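Working notes for the structure below.
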Amino acid sequence: LIGVAFYDWSWRFRVVTRRGPSLGFSFHGVTGVFPALERAFDFGRHKGALVLLTGFQTPRAIRRRGRTRLSLWLGKRGVRGADGVAEIAWEAASAQNVVLPGEAVAAQLVADIADRVLAVDVQLARIDAQIGETFRRHPQAAVIESMPGIGPILGAEFVVAAGDMSAYSDAGHLASAAGLVPVPRDSGRRTGNMHRPKRYSRRLRRVFYLSAQTSIIKDGPNREFYLKKRSEGMRHVQAVIALARRRVNVIWALLRDDRLFILMHPLFELLDFLIETRFAGERVWSGGRDWWSVGIPTVHYSFTQVRLGFH
């Protein structure tokens, strides 16, 4: 299974590396022929703009097509917000009336490159689906994917980079393999000189760094830990690395116990507080009401199951 995931991930990496240069050539061609359109769209992220380039690469071609007919042409090719894309393209074409020499040749090259980029995107979607299907055949795929910031792509990369988890005796060894544990470079009486190690798995470090950076987008314990480190004076990269190191401990414990990562609901926190008191037959004062501890052990068992993901 790890071998299949490695093959899929390696092939995906090759396809992604081919997409970048193709986009670069496309940007260069559009800038030389139609700079107003290049400023209007982010071709690296806007699929509708790439579809537009497959048919119309010059201001004269867009003006000849017309705004309404251009919107219909884009809509037939599955472009989302075809009216908005057509409006932006029409405004860019109206702002440029100069016809450049060699425009027809450059336009054909831009159309060919846009076709290639779209074909690469289709191939990437197919490879991502295949990687996700292969990854979810792993016995602990659900555990890995339950961590915030880790999806099927990064999860498959983690499985490939980490290999057999029995090779790591504890979370510290896993973090050391990922280059998240500083190593001393002491000399004589000079001690405490800590640096990043030179020998570690770059791929494993990439998984933990990218997943940590993704996890801080939404509110939760990951973002809270990141903001805490920033308030302590750490820069962005330092805070993300500190968060990645902390997440190594979490994912190690989850894989060891074979349980899912589930955030605790505030109601569960209240129940845990009541459970930890363990006042058998005594009153626990909370919010002006009397809470009795009768039956709490049974509640503790059922809610712990839900919270730890054993259901």
Side-chain angles (χ1 to χ4, degrees), residues 8-9 11-136 149 151-154 156-157 210 213-214 217-218:
D8 291 340
W9 186 87
W11 182 248
R12 184 182 189 276
F13 178 78
R14 295 176 185 176
V15 173
V16 171
T17 53
R18 288 207 312 266
R19 187 179 189 272
S22 298
L23 277 174
F25 283 120
S26 178
F27 294 157
H28 178 72
V30 175
T31 302
V33 176
F34 197 170
L37 188 67
E38 191 272 336
R39 291 192 299 267
F41 291 108
D42 182 3
F43 293 99
R45 298 182 179 180
H46 203 303
K47 182 180 178 181
L50 289 174
V51 175
L52 175 67
L53 288 181
T54 60
F56 307 93
Q57 307 82 28
T58 62
R60 183 170 56 179
I62 292 178
R63 289 196 301 266
R64 184 182 304 169
R65 186 73 180 186
R67 186 183 313 174
T68 304
R69 293 172 58 197
L70 181 61
S71 177
L72 294 175
W73 186 89
L74 292 171
K76 290 180 180 179
R77 283 154 182 81
V79 175
R80 294 182 179 179
D83 294 338
V85 175
E87 181 68 25
I88 294 174
W90 175 263
E91 292 178 358
S94 301
Q96 180 177 336
N97 297 314
V98 179
V99 179
L100 301 177
E103 185 179 86
V105 177
Q108 185 59 47
L109 292 175
V110 170
D112 294 340
I113 295 172
D115 283 328
R116 289 185 210 167
V117 174
L118 290 174
V120 169
D121 290 343
V122 173
Q123 189 177 8
L124 275 176
R126 185 173 64 252
I127 293 175
D128 288 348
Q130 185 176 351
I131 290 176
E133 181 181 354
T134 304
F135 167 68
R136 290 187 175 93
I153 305 300
L154 277 182
E157 190 173 354
L210 290 181
Q213 189 164 261
T214 305
I217 297 176
K218 296 182 178 180

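Everything numeric in this text was worked out from a predicted model, so none of it was measured.
Atom CG of D112 is separated from atom CZ of R116 by 6.5 Å, given to the nearest 0.5 angstrom. Taking CZ from R65 and CG from L52, the interatomic distance works out to 11.0 Å, rounded to the nearest 0.5 Å. To the nearest 0.5 Å, atoms CZ (R77) and CG (L72) are separated by 11.0 Å. Note: L124 CG to I131 CD1 = 9.0 Å, rounded to the nearest 0.5 Å. Rounded to the nearest 0.5 Å, atoms CD (E91) and CD1 (I62) are 11.5 Å apart. A distance of 4.0 Å separates CD1 in I153 from CG in D128, rounded to the nearest 0.5 Å.
Just one residue in the list L53, I113, T54 forms a side chain to side chain contact (heavy atoms under 4.5 Å, CB included) with L118, and that residue is T54.
Annotation for G75 and A82: closest pair N-CB, 3.7 Å, computed over non-hydrogen atoms. When all heavy atoms of R136 and P152 are compared, the closest pair comes out as NH2-CG, 3.9 Å. Counting all heavy atoms, side chain and backbone alike, A93 lies closest to P59 at CB-O, 3.7 Å. A86 approaches L74 most closely through the heavy-atom pair N-CD1, 4.0 Å.
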Passes side chain to side chain contact (heavy atoms under 4.5 Å, CB included), T68 versus W90? Steps please.
CA-CA 10 Å; T68 304; W90 175 263; over 6 Å; no
Show your working on side chain to side chain contact (heavy atoms under 4.5 Å, CB included) between V51 and V85 and close with a plain yes or no.
CA-CA 10 Å; V51 175; V85 175; over 6 Å; no
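Summarising the local packing, CZ of R63 is surrounded by more than 12 heavy atoms from other residues, nucleotides or ligands at distances under 6.0 Å.
For the pair S71 (side chain) and R67 (backbone), a donor-acceptor distance under 3.5 Å is absent.
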